[in-house]
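Here's the structure we're looking at; comments come further down.
Positions are given from 1, in the same order as the sequence printed here. All values below were derived from every heavy atom in this structure, side-chain atoms included, with hydrogens, water molecules and symmetry-related copies excluded. On a predicted model such as this, the values are computed, not experimentally measured, just so you know.
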Amino acid sequence: MVFLYVPCKNIEEAKIIGRLMVQQRVAGRIDIVPTQSVVFQGQGGVEETEGATMIIQALDKKVQDVEDIVRAHHKNRVPCIATFMLYRLNREFKEWLVASTG
């Protein structure tokens with residue numbers, strides 16, 4: 001089991017990508033969190049905007065599928081796709097995730 005962190009341009013972009021992943025059964029659940037302030041180095045220097053963050057819950061074997069969907073539908077040319085290995089996950093949720101994405 002892994003969690004993936006993927007920042008998006010806005011909530012709408014995150015919803016589109018998230019729905020695709022769940023429909024294609026590469027992720028069991030997507031939490032979308034609005035981000036009030038994103039600070040980054042832009043072409044004109046330091047820029048600030050709003051955004052959204054997806055926290056994707058998936059099986060290890062589905063990570064490449066998640067990455068493929070994000071790359072195909074993300075507005076950034078080089079999106080951040082960070083994978084976190086889980087130390088522990090409750091059995092009931094793990095069983096649900098396997099059944100949802102297996």
## Note on the structure
Apart from Y87 itself, members of its ILVMFWY cluster (side-chain separation under 4.5 Å) are none
### Query
Should side-chain heavy atoms under 4.5 Å link Ile, Leu, Val, Met, Phe, Trp and Tyr, which residues sit in the same cluster as V46?
V39
### Task
Apply the test side-chain contact (heavy atoms from CB on, under 4.5 Å) to residues T49 and F40: give CA-CA distance (whole Å), side-chain angles for both, the deciding distance (0.1 Å), then the verdict.
CA-CA 9 Å; T49 188; F40 62 97; 3.7 Å; yes
### Task
Please check if any side-chain donor atom of S37 sits under 3.5 Å from a side-chain acceptor atom of E48, or the reverse.
yes
### Message
Less than 4.0 angstrom from a charged side-chain N to a carboxylate O is my criterion; do D31 and R29 meet it?
### Response
yes
#### Entry: Separation of M21 CE from T101 OG1 (nearest 0.5 Å)
12.5 Å
### Query
Rounded to the nearest 0.5 Å, how far does CH2 of W96 lie from CG of L89?
10.5 Å
### Query
Between Q43 and E47, what is the shortest heavy-atom contact and its length?
N-OE2, 3.5 Å
### Summary
In short, M54 meets G18 closest at the heavy-atom pair SD-N, 4.0 Å
Side chains of [X] and [Y] in contact at under 4.5 Å (non-hydrogen atoms):
X   : Y   : answer
L59 : M1  : yes
V63 : D65 : no
H74 : V6  : yes

### Task
State whether the side chain of K9 and the backbone N or O of N76 hold a donor-acceptor pair below 3.5 Å, judged by distance alone.
no
### Query
Judged by atom type as modelled, is there a donor-acceptor pair below 3.5 Å linking the side chain of Q57 to the main-chain atoms of L97?
no
### Query
Residues two or more places apart in sequence or in another chain: which of them pass salt bridge (charged side-chain N to carboxylate O under 4.0 Å, His left out) with R71?
E67
### Query
Per the side chain to side chain contact (heavy atoms under 4.5 Å, CB included) rule, which among I30, I69, V70 passes with L20?
I69
### Message
Checking K15 against I32 for the side-chain contact (heavy atoms from CB on, under 4.5 Å) test, could you report, in this order, the C-alpha distance in whole Å, the side-chain angles of both residues, the deciding distance, and whether it holds?
### Response
CA-CA 8 Å; K15 285 181 179 180; I32 299 171; 3.8 Å; yes
